[in-house]
Structures are given as structure tokens and as C-alpha cells.
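Notes follow the structure.
Residue numbering restarts at 1 for every chain, and letters A, B, ... go by the order of the sequence lines.
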Protein chains: 2
Amino acid sequence: MIAFQVFFWYTETMPDKNHTTGFKPIAPRKIYQSILEQFVNMVCDGSLKTGEKIPSERELAESFQVSRPSVREALRVLEIIGLIDIQPGGGAYLKELSISPFISVIAPLLFSRDSFDLELLEFRELIEIRAMELIGERFTEADLDAIGSSLKEMGKALEGNDPEAGAVADIAFHRSLLLASKSYILQKVLEVVVSLFEHAIRGGRSLVLQEHEDARQLYEEHKGIYEALERRDFNLARSLVQAHLTMVRGLYARTVTAKEIPAESAL
Amino acid sequence: MIAFQVFFWYTETMPDKNHTTGFKPIAPRKIYQSILEQFVNMVCDGSLKTGEKIPSERELAESFQVSRPSVREALRVLEIIGLIDIQPGGGAYLKELSISPFISVIAPLLFSRDSFDLELLEFRELIEIRAMELIGERFTEADLDAIGSSLKEMGKALEGNDPEAGAVADIAFHRSLLLASKSYILQKVLEVVVSLFEHAIRGGRSLVLQEHEDARQLYEEHKGIYEALERRDFNLARSLVQAHLTMVRGLYARTVTAKEIPAESAL
DNA sequence: CCTAGATAACTGGTAATACCAGTTGACAGA
DNA sequence: TCTGTCAACTGGTATTACCAGTTATCTAGG
């Protein structure tokens, strides 16, 4: 069963060279790490619940018998990993784990790579299609309802010619699909992908919006997916999702090349 | 092209309720965020290179015209996102972005969910198989060499009955496969998966090691994958990887149920 | 009595300072 | 040349203080 032990020795032995001897480098334990550990454990065992207000920095410092800066460092980390929401002057509140703040920090690093945008699109396809493969096994009426209401929102947005509402409904639709897969990891991964897309667009990349003559086609595609699920035809639904995402990627590629050419001719 | 705008409005409008008005909540910009941003930008544009030593906290505080605690908060975040390596008494050094420290913090939260282990295995399958799909298009001789040398290490470990070396070679093998896919995202995602496995095992879960009577079978499977790649038979290689991972998952399931039963009877 | 506005007691954000512990490198003695 | 010491770093932690924003209370005015 080496295949598992693999994962144990990876980070242990790869970085340092003396893994043949059995000496491991000593890393001094820092105070903020201990605080962090206690916090995470308390969340795990339910001592702290989502939405709950955590004590003030001064109280925590007193409780932990450490100084306020140490507490602050731990809180800073908790903020970055998206486990708490800090309101200056207010207090800190526990929330559902969200990786977005972390992604915000590293996003520029990722996008500094060539062709990262396209890879991201491909990756999104991968997880969404996988979600569709899982969806059949444990599909419920509630899942269908959630997807249906997203579709209805999309329809309303189309009628009212409201791209923003349509966008929100679109993401809600795909989110519902992921939720129906009942896979926690896939949901979290989608969260990361969504944050990355957001930063990509905010940073001026992939600005393929505004031209919503395709809005009706998109709506029809989503409607098709919904109807397939309604009939419990999961194979068809999967194919439709695949076709939909491929189409979206095609639109992206078209937009990018259209944007690239004038950029080059300007040189 | 609503499908893209979606991602822009997601985190903007979902959290607050007044997205119909257009008012966005004001979040006061904190000093450490500004420092963070400057740092990340400097890494992006190459002002700071991997391995380079960054100035001391006191120097940075002076340069940025802020206090040392503010600098420390930024450094703390950089440490968590795995962009710098801090040696107490030494200094801080830039390194390749690695998500492991971040994963270390949130791992307990993730594993506190039921059936996360199995989901993780399934997810690993997903990305590895996807990597095998990509591998055909851009496979080079260097890729084959890297995979081959990992296999050779695995063989040596098998002869010498050295599970640890075999484990290292195993992960190196799969890593080479991911590298050959030329997909940055898949590589990074594998990194995360590997970190998670490490924490799972360290935390006493999935301790399915030691019994290496299966080592030869694992070696043969890896060898088969290599030989298929040698003949550029990518379809066969993909099937073999799929079979290999399914087998590994089966072993896991067997071990878990074997462990679960005595645990229950002990109650 | 009720409401509007001021006030006081919070909160987190930042700063300045000091001291400790570990690392490093140079220097002096063997 | 080698070795041990020591001084000058480094980051880790603690203390204290003050600022700005929020919140809740209380008071003065209606």
C-alpha cells in the first residue's frame, strides 16, 4: 500500500536533502499557530458556530494569556482563509469557510502566467461535467426546484433585458447543478474557480460581456438542461452541459483572438 | 455573453442584499493589504525573484513608512499563502508559491466532514485522468525520461524492500504524469490534494500503509503505464491509470471498512 | 411619554518601544 | 588553521498608547 504512504513522505522528505538519515528539521512553534489550532478545533467540534461573534481581541489575549499582537496575527490568518469576518469597530464573526479572500491575494500571481485563462475555462468544464456524472445517483426534487427557480430568474432577466440579473441567475444555475452533485469538494473548487474568474474580469481580462445577443441562446441551453433533468434523463443533461461549456469556451477564444490582433497591430 | 459576466457579479452582489440599488458596502482599506498588494505585484513583474532574501521587518517598516506590526501582518499572510519562508533569527526568503501551509490550516475543517476522504480520492482520480487525456497532445521525450526515472526508483525501492523510497518514487511518478500534461492548474490542484492526503494520514486517518505485499503489483501497474507511454499509446495509458486509481480506491474502501467495524464494536 | 442627539464604553487599526531568543559572521586566542 | 567567544544582526513576543469607527446608553428636548 505504498500508494498512500506516498502522500505522507512527500512534503516531509522532498524539501530537505537528509531524508536518508532520519533527522527532521526543527521548526519552532509560534504562538499564533497554537491559537489558530485551538480556533480551528473549536470550530470543528462545534464549540463555535457559524454567525457567532467571537470575543474581542483584548478578551482573547487575556483568555489565551498572550499579547494582543499575537491574537491579531491569528485573526489575520483566519481572515485570509475566510473563516471570520472582521468589522472594524464592530467585532469578528464566524462565517462559513470561503476561500475567496485567499484567492484574492494569489490571483495576480496565477494570472501572470500565459494561457492561464484558457486553462481555467477547461478546468471549469472538467468539474462541471464531473458534477453532472454524479448528479444522477442522488438527485432529489429539491435539487430540481433550485435549478428551476434559477432558470426562472434567468428568464425574467431575459425578458427585462437585465444582463446583471441574468448573470446572477446564471451562476446560481450552475451552482445548483454543483449542489445537486452532493460533492463538497466540487462545490469548493467551483468557488475557487468563480473567484478567479471574478478577478480575471476585474483585472480587465476576458472582458467578453455586454454583447448579449447570445442571451437567448444561453437561456435556451439552460432550459434544455433543466428539462432533461426534469425527465431524469441524466445522460442527455450531461451532454447538454458539455455542449454548453464548449460553446462558452469557443466564444471566449473568439473574443480573445479578436482582442489580441488589434493589440499586436498597435505595436 | 452573460455567461462570463456572471463571475463578475457573483461575489459583488450575492453577499449584500441591496444589489438592486447599486450601492456597494465600503470596506476600509487596511495597511497590510496595501503592503501585500505591492509585494505580489513585485513578484509578478519580476522585481523579486524566487530564492531572494527580502529586507528585514524593520527595513520594510521604514521603506513603507508604516510600523513593524503592519509589516508583520503582511508577512504573516505571505507565509500562510506559501510565498515566503521565514527563518527566525535568519530572514525571510521568497519561494515558489505553494498552497501547503494554507491547506495545513484548513485541513482539519475539511476532514471534519463525513466521507471527505472518499471524495478526495475520487477527486484525485478526476484530475489524474484528465491529465492523461491532455498528455497526448504535447508529450515530449523529456516527459518520458522523467516518468522512466521515477519508475526506476520505484523498482530499486521494490528490490531493496524500502517502502519509504517507494513512496517517494510513487508520488514522483504521478507528479511526472501531471507535469507532462503541461497544465499549471492541474499541477497546483494535485499539490493541494497531496497536502490533504498528508494531513489525513498524519491525523491518523487512512492509515493504510505498512502492508506492502501489494508493492509488486503497484510497480507492475506503473510499469505498464510507462510502457504504454513509451509506445505513445495514450489511450491505453489512460485506461491503465484509471484502472490503477480505481484499484487504489478499492484498497482504501476495504481498509476503511476493516477499521470501522472494530471501532464500532468497541463502543 | 417618546424621540433625537450627545455621550461614554466599547470595538478593531495602527504605532512606538522594549526585550528575548536564535542566527550569523567576524575576530581573537589556541 | 582551527576553535571558541562575542557582538550585531534577525524575527518573536509583549507592553502600552492612541486613533477611528461602532454601539448602546442616557439625557435633554419635543
Distance check needed: [N] [atom2] versus [X] [atom1], whole Å only.
| X | N | atom1 | atom2 | result |
| --- | --- | --- | --- | --- |
| Arg29(A) | dG11(D) | CZ | C1' | 18 Å |
| Ile35(A) | dG12(D) | CD1 | P | 14 Å |
| Glu73(A) | dT13(D) | CD | P | 6 Å |
| Lys53(B) | dC9(D) | NZ | P | 11 Å |
| Glu62(B) | dC9(D) | CD | P | 14 Å |
| Phe64(A) | dT13(D) | CZ | C1' | 16 Å |
| Gln33(A) | dT13(D) | CD | C1' | 14 Å |
| Ile86(B) | dT13(D) | CD1 | P | 11 Å |

> Do the ring planes of Phe39(A) and Phe64(A) sit parallel (below 30°), tilted (30 to 60°) or perpendicular (above 60°)?
Replying inline: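 Tilted, since the angle between the ring planes falls between 30° and 60°.
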> Phe102(B) vs Phe102(A) aromatic rings, parallel, tilted or perpendicular, using cut-offs 30° and 60°?
Replying inline: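 Parallel, since the angle between the ring planes stays under 30°.
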> What string of B, S and - do you get for nucleotides 16-22 of chain C 5' to 3' if you count protein non-hydrogen atoms under 4.0 Å?
Replying inline: --BB--B
>> Using a heavy-atom cut-off of 4.0 Å across all strands, would you classify Glu79(A) as base, sugar-phosphate, or nothing?
In response: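 Nothing: the residue Glu79(A), judged by heavy atoms under 4.0 Å, touches no strand.
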>> Using a heavy-atom cut-off of 4.0 Å across all strands, would you classify Leu75(A) as base, sugar-phosphate, or nothing?
In response: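 It contacts nothing in the nucleic acid.
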>> Of the options dT10(D), dG12(C), dA15(C), whose atoms approach the side-chain atoms of Ser56(A) most closely?
In response: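 Output: dG12(C).
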>> Does dG12(C) have its OP1 or OP2 closer than 4.0 Å to a side-chain nitrogen or oxygen of Arg72(A)?
In response: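 For Arg72(A), the contact criterion (side-chain N or O under 4.0 Å from OP1 or OP2 of dG12(C)) is not met.
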> Reckon Ser70(B) has a side-chain N or O less than 4.0 Å from the OP1 or OP2 of dG13(C)?
Replying inline: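 For Ser70(B), the contact criterion (side-chain N or O under 4.0 Å from OP1 or OP2 of dG13(C)) is not met.
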> Does Arg58(A) come within less than 4.0 Å of Glu62(A), counting only side-chain N to carboxylate O?
Replying inline: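 The answer is no: the pair does not qualify as a salt bridge.
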>> How close do Ile81(B) and Leu97(B) get, counting heavy atoms only, and between which atoms?
In response: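 So the two residues come closest at O-CD1, 3.3 Å.
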>> When you measure from the side chain of Gln38(B) to the backbone of Ile35(B), do you find a donor-acceptor pair of N or O atoms at a distance under 3.5 Å?
In response: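 No, the answer is negative, given that no donor and acceptor are paired below the 3.5 Å cut-off.
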>> Nearest 0.5 angstrom please: Ser70(B) OG to Gln65(B) CD, how far?
In response: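 Nearest 0.5 Å value for the OG-CD distance: 12.5 Å.
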> In terms of the nearest nucleotide of DNA chain D, which residue is placed more toward the 5' end: Gln87(B) or Gln65(A)?
Replying inline: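 Looking at DNA chain D, the more 5' nearest nucleotide goes with Gln87(B).
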> Cut-off 3.5 Å, side chains only: do Tyr32(A) and Glu79(B) have a donor facing an acceptor?
Replying inline: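 Side chains of Tyr32(A) and Glu79(B): pair found under 3.5 Å.
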